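Step one of this worksheet: look at the structure below.
Chain naming here is simple, since letters A, B, ... match the order of the sequence lines and numbering starts at 1 in each. No experiment lies behind these values; they were computed from the predicted model shown.
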2 protein chains.
Amino acid sequence: MAEAPRLTESAGAVFAVLAQAGSATRPQLASLAGLSKPTVSAAVAELEGARLATHSGTASSGTGRSAAVYGLGPASGSVLAVDLGPARTRVRGCALDGTLLAEASTPRARAADAVREALDALPPGAPLRAIVVAVGDVTEPDRTSGAMRPATAKAGPVFDAVSVALPPGVPVHLENNVNCAALAELHEGAARGRRTFGYLRIGVGIGLGIVIGGQVLRGANGAAGELARLPYPWDDDREPRQEALEAYVGSGALLRRAAQAWGASDGPRPRTADRLFALAAQGREPARALVARHAADVGRLAAAVTAVLDPGLLVLGGSTGADPQLLPGVRAELERLSWPTEVVSSQIGDLGTVVGAARLAVAQGVQNVTEGAQVKD
Amino acid sequence: MAEAPRLTESAGAVFAVLAQAGSATRPQLASLAGLSKPTVSAAVAELEGARLATHSGTASSGTGRSAAVYGLGPASGSVLAVDLGPARTRVRGCALDGTLLAEASTPRARAADAVREALDALPPGAPLRAIVVAVGDVTEPDRTSGAMRPATAKAGPVFDAVSVALPPGVPVHLENNVNCAALAELHEGAARGRRTFGYLRIGVGIGLGIVIGGQVLRGANGAAGELARLPYPWDDDREPRQEALEAYVGSGALLRRAAQAWGASDGPRPRTADRLFALAAQGREPARALVARHAADVGRLAAAVTAVLDPGLLVLGGSTGADPQLLPGVRAELERLSWPTEVVSSQIGDLGTVVGAARLAVAQGVQNVTEGAQVKD
DNA sequence: TGTACTTCGTTAGGAAGTTAACTAACGAAG
DNA sequence: CTTCGTTAGTTAACTTCCTAACGAAGTACA
């Protein structure tokens, strides 16, 4: 394999901007990268030489000479994103401009198959520059290898099963799934254009993804946003129990309360949160009351987050968090207890985790190119 | 007044490094600023010409030629820090390397006098480059002027009284007092060398200063760390009330509980938190039990912070938070509920707020010099 | 169709910073 | 008292990127 020469600094900057934009003219690249026209010309020539960029057409801005448009070249390669979700494993392969190149999905048990399927669908020859794996667990460095691993036994076995299917020599990054979903909302969802916000996911468990200045906040142990550890119950005469909050605002609690509240005359009892929300949307009792109460609970969770972070925006996600029916109740409770904060529902839903993982992988891949880290062959 | 020419970028970088170090040789400046020897030579010459740096001696490193030592010059000027505390107003004037030039302290009511006293003690002729005022309130931009102001009526009047004593034309920055104290712990206290931690202050009120990557986290409304808004009390069957937490873990609650618990045979009842802690240190009941319970309460507060932020280190401060007696109880409760997190007591105490405000002012002042923002005359 | 106007891209000269090599100053060992 | 190793500071050649000016390639309009 030919020695890939390291890029000059300006060429790296131009490449990063080009990857972000997908395609752009030289004047656009100059203004986005903050470089002068001559420098961009030199950088583009260098990138074309390395087949990292290609001339992909021309664009006319109405009047004046039409500009050459450039896009990513075949040597720029691709990245892989893996979401080891509780039920399904989703895998996506992307180019460095974010375009989807391959997609696969399997039940959680056959996670490695999804990875292999997506890898096969990626264009051969071009280097795989980064892999991001999203897991529903806190991550910590392994004692012996130093590589990141799931901190508890929750996600360990699946992660190991997937690891063997990953091509060697490619840097693998592990990330919490809620953090990934938050990134998806940041780039393609309800938090577009923001720099700081919180993504509150309520499903079986509860979790918070924190984005500050466009960066995910991971915390000292990668445990930032582990809201299950909020003290609960908490009062003058009650001692908080460990992890008690999850059993109270999680989807399990919602369904348990429904089972208790359901009377013989209330019709068939809903077995899923979705069904419960559907009944509540029709104004049927006791579904409506249960959802209203759930909204207040979520509002209290939101108030706890706001009291510490004041994020300005909270995006609600997860199986029992994303329903827009909750918004009025959440907003009311949040306003009652805390600071005025915008609250909206997730726009991406279940795919958020892979999408965000892909965003992270793309960012890592671009860094891989611009900083000249070479992939072993 | 002579036109102060803007500094070149490298001279600005060298000045910033020199201000941080206080004094340094050229090789030190080169390595700290990440510049080469020739560039540093040119920058130092430029700074000397502008009287922003002066040759202040020589330093021998054992073997080899001895190097010239440089320090800040007379034109570098000074900054002012004002702490509008609940009882006293403290003012400090500092040079841009952080050395104390003037200090004053008055009761809160005569705040403007302290400012005037400190201003008089500053070296005349050299420019005042920045002013930072610390207040015990959330800050927000004023509707008409756009300048920052205290958000509620709490700190407004004192701030206005001080404002008239401030020299016109100097940029004034308003900052929350807990954030200032956190910065003091970061630079000169218990969090030295850290990049991320939380400073938990418990006194009459409760507050949290958040430092992430060396930067204070202010939040969208400047309300990050306003823990009084945490939902409390919180349980299946109890509705949180607004701002109820402060009345429960604040120093008022501690003394109120002491008043209730004190029996006739327990000796004279302590009227201040200090006295209560002193009795507890001797193992006297019921002081010991009250302090132990307070420690658990603080531990729950710490757990709430850790669940959201995972800061890795919490520094406890404030009149009823800084006592080291609390540490074992806080650590135990935090470990029971949440993630392992280091907990230590404040090393600076009451002066933290001015000290941190001075740090902020110095940083602003250095930026003022290096970015060439000119002070009106 | 030619002329004016606008935008794209290149060329030329200059500013700022780097590396490399050299000179200067200092201490320690013979 | 000289010599050697080490560290400080300067000089010179080179790199990188910028600004300014100019030629090239389009559109708009008489």
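- Phosphate contact (OP1/OP2 of dA25(D), side-chain N/O of Ser66(A), threshold under 4.0 Å): absent.
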Output side-chain donor-acceptor pairs under 3.5 Å for residues 209-218 of chain B, partner residues at least two apart or in another chain, one line each.
{"unit_1": "Arg218(B)", "atom_1": "NE", "unit_2": "Glu175(B)", "atom_2": "OE1", "d": "2.5"}
{"unit_1": "Arg218(B)", "atom_1": "NH2", "unit_2": "Glu175(B)", "atom_2": "OE1", "d": "2.4"}

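- Separating the OG atom in Ser78(B) from the CZ atom in Arg92(B) is a distance of 14.5 Å, to the nearest 0.5 Å.
- The stretch residues 15-36 of chain B participates, sequence neighbours left out, in no ring-ring contact (aromatic ring centres under 6.0 Å, His included) pair at all.
- Using a distance-only test at 3.5 Å, with no hydrogens or angles considered, a donor-acceptor pair links the side chain of His55(B) to the main chain of Gly57(B).
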Under 3.5 Å, side-chain donor or acceptor atoms of residues 67-74 of chain B against the rest of the protein: list the pairs with distances, not counting sequence neighbours.
{"unit_1": "Tyr70(B)", "atom_1": "OH", "unit_2": "Arg26(B)", "atom_2": "NH2", "d": "3.4"}

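- Among residues at least two apart or in separate chains, salt bridge (Lys or Arg N to Asp or Glu O under 4.0 Å) pairs with a member in residues 184-198 of chain A are Glu188(A)-Arg359(A), Arg194(A)-Glu342(A).
- Scanning all heavy atoms of the two residues, the minimum distance from Ala182(A) to Phe197(A) falls at O-CZ, 3.2 Å.
- Heavy atoms of other residues, nucleotides or ligands lying less than 6.0 angstrom from CD of Gln347(B) number more than 12.
- Note that CG of Leu360(B) is 13.5 Å distant from CD1 of Ile131(B), once rounded to the nearest 0.5 Å.
- Nucleic acid contact class of Ser36(A) (heavy atoms, under 4.0 Å, all strands): base.
- If you walk DNA chain C from 5' to 3' and mark each nucleotide with an atom closer than 4.0 Å to a heavy atom of chain B, the marks span dG17(C) to dG27(C).
- Listed by chain and residue number, nothing satisfies the salt bridge (charged side-chain N to carboxylate O under 4.0 Å, His left out) test with Glu9(A) (two or more places apart in sequence, or in another chain).
- For the atom pair OG (Ser23(A)) and CG (Leu18(A)), the distance works out to 7.5 Å, reported to the nearest 0.5 Å.
- With sequence neighbours excluded, no residue forms a salt bridge (charged side-chain N to carboxylate O under 4.0 Å, His left out) with Glu46(A).
- For Arg65(A) and dA25(D), a side-chain-to-base donor-acceptor distance below 3.5 Å is absent, hydrogens and geometry of angles not being considered.
- Toward the 5′ end of DNA chain C lies the nearest nucleotide of Ala68(A), the other residue of the pair Leu35(B) and Ala68(A) mapping further downstream.
- The stretch residues 51-59 of chain A has no heavy atom under 4.0 Å from DNA chain D, so no residue of it qualifies as close.
- With hydrogens and angles ignored, the 3.5 Å screen pairs no side-chain donor or acceptor of Arg129(B) with any backbone N or O of Gln364(B).
- Judged as a salt bridge (charged side-chain N to carboxylate O under 4.0 Å, His left out), and not counting sequence neighbours, Glu48(A) has no contacts.
- With pairs defined as Watson-Crick or G-U wobble and both atom distances under 3.5 Å, the stems of at least three pairs that touch DNA chain C come out as C:1-7 with D:24-30, C:9-30 with D:1-22.
- Looking at residues 9-34 of chain B, you'll see Ser10(B), Gly34(B) sit with a heavy atom under 4.0 Å from some atom of DNA chain C.
- Here Leu96(B) contributes atom CG and Leu101(B) contributes atom CG; the two are 9.0 Å apart, rounded to the nearest 0.5 Å.
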Show each protein N/O and nucleotides 27-30 of chain D N/O combination with a separation under 3.5 Å, one pair to a line.
{"unit_1": "dT27(D)", "atom_1": "O3'", "unit_2": "Gly62(A)", "atom_2": "O", "d": "3.4"}

